[in-house]
Amino acid sequence: MIPLPRALPASQNCECPRLARQPSPAGVYLEGRNAKATYSVARALGDRIGVALHPAPGGGTDRVLLERAELPEPTGLPQAVGVHPSGEPTDESYAICPTPDGWRIQASTEAGMFHGLVTVLQHQVLARPLGHLLDAPGVAWRGLSLDIARNFRSPGEIETIIDLLALYKMSVLHLHLSDNQGWRLESRAYPNLTSGDAHLTRAEYRHLVQYAAERHVTIVPEIDMPGHTAAALRAYPDLAGDIQFPHPLIRYLSPRVPSAMAFARTVLTELADLTPTPFLHVGGDEAFGMPAQIFAEFFANVIPHVHALGKRAVAWQEVTRTGALSSRDLVQLWISDKDAFDAATLRATTPAEHHHLIDLAEETFLQAPGDARRAAQQGAAVILSPSSPLYFDRRHAHPSARSDQEERRERVGFPAYEPEPLSAIHDFDPFSHSRDQGVVLAGVEAALWAETITSFEDVSFLLLPRLPIAAERMWSAPAIPYAALADRLRGHEAMWTTMGITEYFQHP
Ligand code: TNX
C-alpha cells in the first residue's frame, strides 16, 4: 500500500483480533449509518481502480463498517505538522480493525474515514491481507501543483489527476491557471482573456472544486502576477499603460497603471467568489525586469486585497522581498541550489539580443538565498517545492524498461534540468529540509510545469510513478529501502491501467 501506514502493528491493549483478512475479489460491502456521502464517492473511486464497493446490507463477509468515533486508543502519532488547506487543524487519522466478517474503520472526521476506505480499496487491488493498523499523515499540506496554462488539461483529465491524489492521500491540487502562454479560467469582467483558447468555464472550475472536495482534496487556484502575464496583456493591451518594458520579451502588470491594478484586484475577487476554501495563490515568481520598488508596491496592494476578500495568500518565494506578507500567508520555496540560474552559460549559448534579459533574470535569482530567512522573519510558514527533486517536469534519468518510451523520455522535461532518478524523490525528507532552511513548515508540493508537454500521456509519463513516491514522503511513512518501494510500485500499475492511464514511466 502507498503511502505505507505509519503505525502498523496492533498495540498490546487493542481489542482487534490479531488476524489479517484476505480481501475478496468480489468487492466489499459498506455499512455505516452516516456513510452515504462517503459511500458514493468511495464507490466512484473504487470503480476507477477496478474495485466493487456495494451498499449494505450485502454479503455475509467482506463488510466494511465505517464508524465515526474517536479512535479507540491513541495512535501514538503526533498531530500532522504544517497547515491544512482547509485553514483549520484537521484530524485525518484512522484505525482499521479486522472483524469476523470484514473490517471496521474508525475515524473522528470524514477525511479520516475516507483515507481508511482508500486503504481498503488499495488492498482489494493489491490482494494483500489487511490487518489492524493505525494511520495519520505527518504533514498536513500534501500537494501537487499542475500547470494547465502552458498546455491545457480538460476537466476530465483533471478529474483523473484528482483521483490519483485521493488514491495517494494527498490533500492539495494547486492549479496554475494563468501564464504568458495562456489564461485558463473564464472571467466575467475580462471575457477576452480566454477567447479562442481552451479554458475552464466558471461552471467547470466550480465542478472541479466540488469533485476534489468530495475526495478530500482542496484546490488552491493560482493567478500568476505581476510577471508571467503576457497572455493577459495580449488580450487587453491597455493594461500595459505607457510602461517602457526593458526587453521585448518582458511584460508585467504595473501597480502604477490604474487599469492594471483594477484588473489584478478584479480577477482575484472573481477567483475568491468561485473558491470556498481559504487559500488563493497570487504567484509572484520571476517578475524579471520589474524594479524592486514597483514589485513591492504591487503586492502592498494585492495582499491586503486578498485579506479583505477573507482569504489567505500563497506566494512564490520572491514575494518575501516585498514585506507585504503576513503570518497568515504562505510562501512557496522553489529555487534549488542544484538548478541554480547559470547566467554565464546562458550568455555563452544565446544570441546577444537576449543578454540583457539574462542580466535581468540573474538579478532576481541572486536574491533567492535570502528568501527562506525572510519568510521565517515574516512569520510565514513555507510550502517546500524544491525544483530538485520535486519538479516533475524533469526528464527521467534511467532508460525505460520499454524501448518505445525512449522518444518520450528524451522529449518531455525542462531541458535545463539535469535528469534525476526516482530514488531522488524517495530520498527527500521534508523535516530535515525545513530544518536546514530554518523555516516553519506548512507543507510540501511537487510541481508539474508544462512547457514541454503536449498531451495527457506526457503528463502521466512524468507523474507516474513519481507521484506515489512523493506522496509517501509527504505522508511521512516509515522510510524503506528504495528497492522495496520500487517493488511495491509494480502492484500499482494495474490501478493506473484500469483508470485508463497507459503511459506511465516503466522504471527499470
Ligand atoms: C520556473 S517555478 C517557473 C515556471 C517554469 C518552471 C519550469 C516557478 C515559480 N516558475 O514558470 O515553468 O520553472 O520548471
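Indexing begins at 1, ligand by ligand and atom by atom, following the structure's order. All figures in this text were calculated on a predicted structure; none of them were measured in a lab.
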Name each donor-acceptor pair under 3.5 Å that joins a side chain in residues 341-352 to protein atoms two or more places apart or in another chain, with its distance.
{"unit_1": "Asp342", "atom_1": "OD1", "unit_2": "Thr345", "atom_2": "N", "d": "3.2"}
{"unit_1": "Asp342", "atom_1": "OD1", "unit_2": "Thr345", "atom_2": "OG1", "d": "3.1"}
{"unit_1": "Asp342", "atom_1": "OD2", "unit_2": "Thr345", "atom_2": "OG1", "d": "2.5"}
{"unit_1": "Arg347", "atom_1": "NE", "unit_2": "Asp359", "atom_2": "OD1", "d": "3.2"}
{"unit_1": "Arg347", "atom_1": "NH2", "unit_2": "Asp359", "atom_2": "OD1", "d": "2.9"}
{"unit_1": "Arg347", "atom_1": "NH2", "unit_2": "Glu362", "atom_2": "OE1", "d": "2.8"}
{"unit_1": "Thr349", "atom_1": "OG1", "unit_2": "Thr345", "atom_2": "O", "d": "2.9"}
{"unit_1": "Thr349", "atom_1": "OG1", "unit_2": "Leu346", "atom_2": "O", "d": "3.2"}
{"unit_1": "Thr350", "atom_1": "OG1", "unit_2": "Leu346", "atom_2": "O", "d": "2.1"}

Problem set entry | Worked check of ring-ring contact (aromatic ring centres under 6.0 Å, His included) between Tyr417 and Phe414 | CA-CA 6 Å; Tyr417 299 148; Phe414 203 64; 4.9 Å; yes
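- Salt-bridge check for Asp339 with Arg394: passed, with a basic side-chain N closer than 4.0 Å to an acidic carboxylate O.
- Within 4.0 Å of ligand 1, protein heavy atoms come from Arg150, His228, Asp285, Glu286, Trp316, Trp334, Tyr391, Asp393, Phe414, Tyr417, Trp449, Glu451.
- Applying the side chain to side chain donor-acceptor pair (under 3.5 Å) rule to pairs touching residues 302-312 yields Thr269-His305, His307-Asp329, sequence neighbours excluded.
- Qualifying side chain to side chain donor-acceptor pair (under 3.5 Å) partners for Asp404, counting only residues two or more places apart in sequence or in other chains: Arg402.
- Side-chain contact annotation: Arg150 with Asn180, donor-acceptor N/O pair under 3.5 Å absent.
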